[in-house]
Structure formats: C-alpha cells, structure tokens
Amino acid sequence: MRGSPLVVNVAALGLGPGARRHVDRRGSLDGASVTGSSVPSGAEVDVDLTLEGVPGGVVARGQVLAPWQGDCRRCLTTVRGELRSEVLEVFERSPDSEQTYPLVGDQLDLEPLARDAVLLELPQAPLCSEGCLGLCPMCGADLNNDVCGCQAEVGDPRWAALDALGQD
Ligand SMILES: [Zn+2]
Ligand SMILES: [Zn+2]
C-alpha cells in the first residue's frame with residue numbers, strides 16, 4: 001500500500017538512536033489557511049528535514065517551504081508568495097504533552113508538523129507591495145492603477161494612522 005508522501009518509515013530509514021537521515025518530501029496540505037492567506041488547494045509544500053534518532057523518538061530539524069496566496073489588505077488584489085518556516089520538533093513513541101508529535105509504530109507523519117509550521121508563517125495581512133496605495137475610500141477605485149477625483153482624501157493623515165493600526 002502506498003502511503004502519504006509525508007509519512008516516513010523510520011525503520012526503513014535505519015533511524016535508530018544516534019542515526020541521522022536527511023529527508024526531503026513534498027506533499028499537499030489541504031485547508032491550511034489563516035485569515036488573510038492560505039496554501040492554494042492542491043499546492044505542494046516542501047518538507048526538508050534532518051531526522052535524528054534519539055531514545056524513544058526522533059528529533060526533526062529543518063525547514064518547511066510552501067506557496068501561499070491571499071488578498072492584499074489594501075487593494076484586495078491577489079498576492080502570491082512563498083513562506084519558509086524553520087522547525088525543530090520532537091516525535092515520541094509515548095508523547096506526554098502537546099509539545100511533541102506521535103511516532104506510531106515506525107510511522108512518522110510529517111503532515112501535522114508541516115501544517116503547524118505553515119500556519120505559523122502564513123501572512124495574516126498581506127500586501128501586494130509596501131507602497132500599495134489601496135482602494136480609494138470614497139469611490140473604490142484602485143489607486144495603484146487609477147486616478148480618481150477624490151485624491152485629496154487619501155492624503156488625510158487619519159487614513160495613514162488607521163493603516164498603521166492594521167500592521168502588527
Ligand atoms: Zn495592494
Ligand atoms: Zn476616489
């Protein structure tokens with residue numbers, strides 16, 4: 001039977017205590033999203049890790065790379081990018097807390113690790129560019145492309161203050 005590409009068999013890798021193996025797997029993460037952005041449906045994430053066998057488990061160290069897309073928070077145009085999340089996590093045969101991931105038999109499932117890493121890095125308020133002019137609050141014109149008759153309002157410092165509040 002073929003498993004998920006994100007499931008690693010530690011016995012097949014010879015990953016006993018003290019051993020180190022590099023794994024580079026690609027798989028999809030359905031439904032990985034936050035307010036503001038998500039990993040596109042069907043897109044592949046790249047899980048690039050060094051696994052080290054330790055008594056009772058495995059330490060995973062490396063990075064997760066994933067494409068994302070969202071809507072610019074100012075002009076609502078579609079923004080795309082790639083995120084990178086550094087990971088250092090522990091898989092245990094007997095997880096005793098929420099801090100570690102389970103190692104079930106010889107199966108080490110990287111999917112929950114990849115999902116958690118991606119959720120941490122997905123931008124919640126993406127911008128198409130730092131200088132995005134956004135939509136005219138009066139008429140809705142995209143000020144990156146259009147000049148409307150309400151330009152004077154856009155220079156109002158109150159808008160800049162509100163925009164600054166949107167950044168965290
Ligand atoms: Zn924009
Ligand atoms: Zn306008």
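Nothing fancy with the numbering, it's 1 onward along the sequence.
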* All side-chain contact (heavy atoms from CB on, under 4.5 Å) counterparts of Val10, not counting sequence neighbours -> Leu15, Val58, Arg93, Leu103, Asp106, Leu108
* Structure fact -> Value for OG (Ser85) from CG (Leu65), rounded to nearest 0.5 Å, stands at 9.5 Å
* To do: Could you go through the side-chain contact (heavy atoms from CB on, under 4.5 Å) check for Val7 and Leu110 one step at a time?
  => CA-CA 6 Å; Val7 174; Leu110 298 174; over 6 Å; no
* Structure fact -> Rounded to the nearest 0.5 Å, the CZ atom of Arg73 sits from the SG atom of Cys128 at a distance of 10.0 Å
* To do: Over all heavy atoms of both residues, which pair between Leu135 and Gly140 is shortest? Give the atoms and the distance, please.
  => CD2-O, 3.8 Å
* Would you say the side chain of Asn9 lies within less than 4.5 Å of the side chain of Gln107, judging by non-hydrogen atoms? -> yes
* Asked: Is there a path of hydrophobic side-chain contacts, each under 4.5 Å between heavy atoms of I, L, V, M, F, W or Y residues, that connects Val47 with Leu83?
  -> yes
* Cluster link Val87 to Leu51, ILVMFWY, side chain under 4.5 Å -> yes
* Structure fact -> Here the gap from Trp68 atom CH2 to Glu82 atom CD, rounded to the nearest 0.5 Å, amounts to 11.0 Å
Going by atom type alone, with no hydrogens or angles, which donor-acceptor pairs under 3.5 Å involve a side-chain atom of residues 115-123 and a protein atom two or more places apart or on another chain?
unit_1 : atom_1 : unit_2 : atom_2 : d
Arg115 : NE     : Glu111 : OE2    : 3.2
Arg115 : NH1    : Asp30  : O      : 3.1
Arg115 : NH2    : Asp30  : O      : 3.1
Arg115 : NH2    : Glu111 : OE2    : 2.6
Asp116 : OD2    : Tyr101 : OH     : 2.6

* Asked: Quick check: are there more than 12 heavy atoms from other residues, nucleotides or ligands sitting under 6.0 Å from CZ of Arg26?
  -> yes
* Check against side chain to side chain donor-acceptor pair (under 3.5 Å), Glu92 and Thr100 -> CA-CA 7 Å; Glu92 289 185 301; Thr100 61; 3.0 Å; yes
* Asked: Which heavy atom in Phe91 sits nearest to a heavy atom in Asp109, and how many Å separate them?
  -> CE2-O, 3.5 Å
* Asked: Which heavy atom in Asp71 sits nearest to a heavy atom in Val79, and how many Å separate them?
  -> C-CG2, 4.1 Å
* **Any donor-acceptor N/O pair, Arg74 side chain to Leu133 backbone, under 3.5 Å** => no
* To do: Indicate the atoms forming the closest heavy-atom contact of Thr50 with His22, along with that distance.
  => OG1-CD2, 4.2 Å
* Hey, is the main chain of Pro5 close enough, under 3.5 Å, to the side chain of Arg25 for a donor-acceptor pair? -> yes
* **Spacing of Glu44 atom CD and Leu29 atom CG [to the nearest 0.5 Å]** => 10.0 Å
* Minimum heavy-atom distance Ala43-Val39, with the two atoms named -> CB-CG1, 4.1 Å
* To do: Check the hydrophobic clustering (I, L, V, M, F, W, Y; side-chain heavy atoms under 4.5 Å; chains of links allowed) and say if Val34 and Leu113 are grouped together.
  => yes
* Distance, nearest 0.5 Å, that separates CG of Leu49 from CG of Leu88 -> 10.5 Å
* Structure fact -> On a heavy-atom basis, the closest approach of Leu143 and Cys148 is CD2-SG, 3.9 Å
* Asked: OG1 of Thr77 to CG of Asn145: how many Å apart, nearest 0.5 Å?
  -> 8.0 Å
* Considering the options Ser129, Cys75, Cys72, which one meets the side chain to side chain contact (heavy atoms under 4.5 Å, CB included) requirement together with Asn144? -> Cys75
